[in-house]
Amino acid sequence: MPAGGQTPAPQTTESLVTHMVLGIASFTRWPIPPSVYRLCLLGESRWSSGLLGPLLEVHQRPVVASRLAGLDDPGLTQCDIIYSGPLTEDQLRTLSDRLAGHAVLTISESNPQCRIGSMFCLTVGEGPVAFAVNLDNVARGGIRVSPSVLQLGRSQPKPQP
Amino acid sequence: MTNRPRAPAGHAPTLQQLLYRAHASVAAIAVVMVGTLMLLGGMIALRVYAGENLHLVARSISYTVEAAVVFRDQAAATEAIAQIAETEGLTRVELRDAGDQMLASWQPPRGGMVAAIERRIAAVTLSLPVSQPVRHDGARLGEVRVWGPGAILMSFLISSVVGALGCLALSMLIALRVSGRMVNRILVPLRSLTRVTHEVRLQRDFGRRAEYSPIVEIDDLGSDFNALLDELQSWQALIERENASLMHQATHDALTGLPNRAFFEAQLERAIVQARAKGGSVAMFFLDGDKFKVINDTLGHAAGDALLVSIAARLRGQLHAGDVVARLGGDEFAVLIATCQTAGDVEAIADAIVAGQLTPMMLGDGIEVTMTVSIGIALFPAHAQDAQGLLRAADLAMYEVKRAGRGGWRHPPGHQQTAGSIPAPQGPRHRIELINHSGRGTDQDIGKDSR
């Protein structure tokens with residue numbers, strides 16, 4: 001089911017993606033609420049430019065975005081949110097392994113199957129931005145996501161594996 | 001009898017109608033007042049509860065659509081709203097974003113007239129719409145507007161009105177029963193009073209009395225009525241006594257106690273009417289004391305009166321109870337023989353009277369008087385055809401006796417031959433003697449003069 005629509009502020013796909021990422025983050029609770037949310041960009045993400053902008057907030061806390069060098073980046077486990085661009089299945093699996101035991105919200109820009117490595121998978125097309133949820137990954141991660149978001153994600157027409 | 005103004009029948013209400021109207025109006029006022037109060041109180045309480053309920057519903061909608069608003073998922077928002085709105089029976093829901101743009105709205109399928117009335121009632125009683133902001137993460141994302149259901153209010157209104165009407169009908173029935181019972185309690189003594197009044201009026205039975213009544217006012221009325229009857233009864237008795245006394249005075253002579261001329265003439269008329277009808281006969285005597293005037297003048301009025309009383313008593317004693325002895329005036333008496341068979345019988349009676357008066361009468365002061373009488377006999381139908389004629393004939397006959405000499409009796413002139421023998425006055429038998437036994441009597445000869 002499509003999300004988004006005609007709103008005055010987010011017109012571009014970048015801004016829609018930014019709104020979507022911050023929205024998901026706002027419905028997510030971390031075991032220890034961070035004073036500053038570290039948003040890490042991984043891979044060659046296409047629509048993430050909006051996330052690098054200033055004055056982003058989640059739970060009335062500032063969001064600081066930074067790019068990770070790769071999956072080996074030592075700062076990977078320090079992230080609170082990881083927004084990833086297109087990754088291979090191996091890379092996704094590696095990411096999943098590395099983040100095990102860490103409270104990190106993972107959102108993938110291009111993971112149509114949404115099977116491995118991501119909790120939320122955006123569908124960015126010509127129209128509005130939508131998302132799918134991998135409940136297994138959400139359950140395994142150390143964070144809590146509001147059921148109302150899960151419900152919205154679950155109602156996605158995308159088949160869940 | 002005076003005529004009091006009276007309402008035409010059919011317009012005057014009965015006691016039952018009056019009582020029923022009073023009871024019914026009291027019951028109706030009570031029911032309407034209580035019903036209105038309860039309806040108003042109920043509506044106010046219900047309005048508060050319904051308002052709070054709407055706020056709760058709006059808040060729960062705002063929580064439910066929070067995520068959908070964040071992600072601008074209109075379909076999800078609409079679905080969530082519909083789910084709640086249908087269960088809560090809302091009439092309209094709007095979801096607007098912070099810029100007042102419509103994100104989702106919901107309305108039930110248009111109902112019939114009932115739904116329209118419900119909406120109208122809700123719009124009047126509740127302050128609609130109820131708004132609740134949609135907040136997320138400290139920011140105000142939009143607003144939920146909810147139009148509440150009028151069904152509860154409507155059903156409350158209807159049940160209240162139906163209940164009030166039911167109570168009204170019930171109290172009318174009770175009023176009917178109660179007034180009926182009251183009417184019976186009032187009417188039973190009233191009817192008894194009416195019956196007594198009626199009987200008193202129709203039968204002039206002043207001995208009747210109203211019975212005791214358990215209702216004080218009616219009992220008072222009955223007591224007063226009884227007192228009035230007491231007075232009426234004694235009045236009636238008094239009037240009857242007065243009437244009898246007056247009647248006696250009008251028809252009797254005060255001195256001798258004998259009937260007077262008017263009474264005698266009436267009796268004579270009646271006897272003649274009866275005799276005429278039956279073909280019988282009537283006999284009467286006209287009787288006059290001889291030399292009464294002399295006695296009266298000589299011995300005084302008191303002696304004359306005593307003499308008259310003696311003559312009357314003697315006459316009365318010589319005749320049957322059915323015969324009438326009357327004093328016509330002065331020393332004139334009349335006798336109506338009711339039981340006369342033949343002229344001979346009548347003459348025998350006349351003889352007896354004449355003879356009877358020969359016994360001396362004792363007046364006061366030892367004066368002894370013997371006074372003869374002259375009797376004129378008249379017979380119906382032989383001598384006259386009516387009372388006046390008979391009286392005249394008897395009078396004439398009496399004068400004949402007087403003219404012939406004192407004492408004795410005669411038939412009217414012209415009938416003497418048929419009357420047979422006339423006993424001629426003879427000797428001392430027809431003489432008036434005045435004997436003074438006390439010795440101080442008069443030596444005046446009163447034997448020569450009379451009338």
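The sequence lines fix the lettering, A, B, ..., with proteins before strands; numbering per chain opens at 1.
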Discussion item. Run the side chain to side chain contact (heavy atoms under 4.5 Å, CB included) test on Ser26(A) and His136(B) for me, step by step, so that the C-alpha distance in whole Å, both residues' side-chain angles and the decisive distance to 0.1 Å come before the verdict.
Written reply: CA-CA 8 Å; Ser26(A) 71; His136(B) 175 69; 2.3 Å; yes
Quick check on [X]: does its [atom1] atom have over 12 non-hydrogen neighbours (other residues, nucleotides or ligands) under 6.0 Å away?
X	atom1	value
Phe156(B)	CZ	yes
Gln83(B)	CD	no
Arg140(B)	CZ	yes
Met38(B)	CE	no

Worksheet item: Taking the six-membered ring for Trp, are His19(A) and Phe71(B) ring centroids under 6.0 Å apart?
Response: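 Judged by ring-centre distance (under 6.0 Å), His19(A) and Phe71(B) do not meet the cut-off.
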Discussion item. Could you measure the distance from the CD atom of Gln151(A) to the OG1 atom of Thr64(B)? Nearest 0.5 Å is fine.
Written reply: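 Gln151(A) CD to Thr64(B) OG1: 9.0 Å, rounded to 0.5 Å.
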Worksheet entry | Interatomic spacing from CE in Met20(A) to CZ in Arg72(B) - rounded to 0.5 Å |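 Met20(A) CE to Arg72(B) CZ: 11.0 Å, rounded to 0.5 Å.
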Practice prompt. Can you see which heavy atom on Gly23(A) is nearest to which on Val70(B), and at what distance?
Written response: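 That closest heavy-atom pairing would be CA-CG1, 3.8 Å.
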Worksheet item: Which atom pair, heavy atoms only, marks the closest approach of Ala76(B) to Leu152(A)?
Response: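 For Ala76(B) versus Leu152(A), the nearest heavy atoms are CB-CD2, 3.3 Å.
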Worksheet item: If you tally heavy-atom pairs under 4.5 Å against chain B, which of Ile24(A), Val58(A), Leu22(A) wins?
Response: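 If we count pairs closer than 4.5 Å to chain B, Ile24(A) comes out on top.
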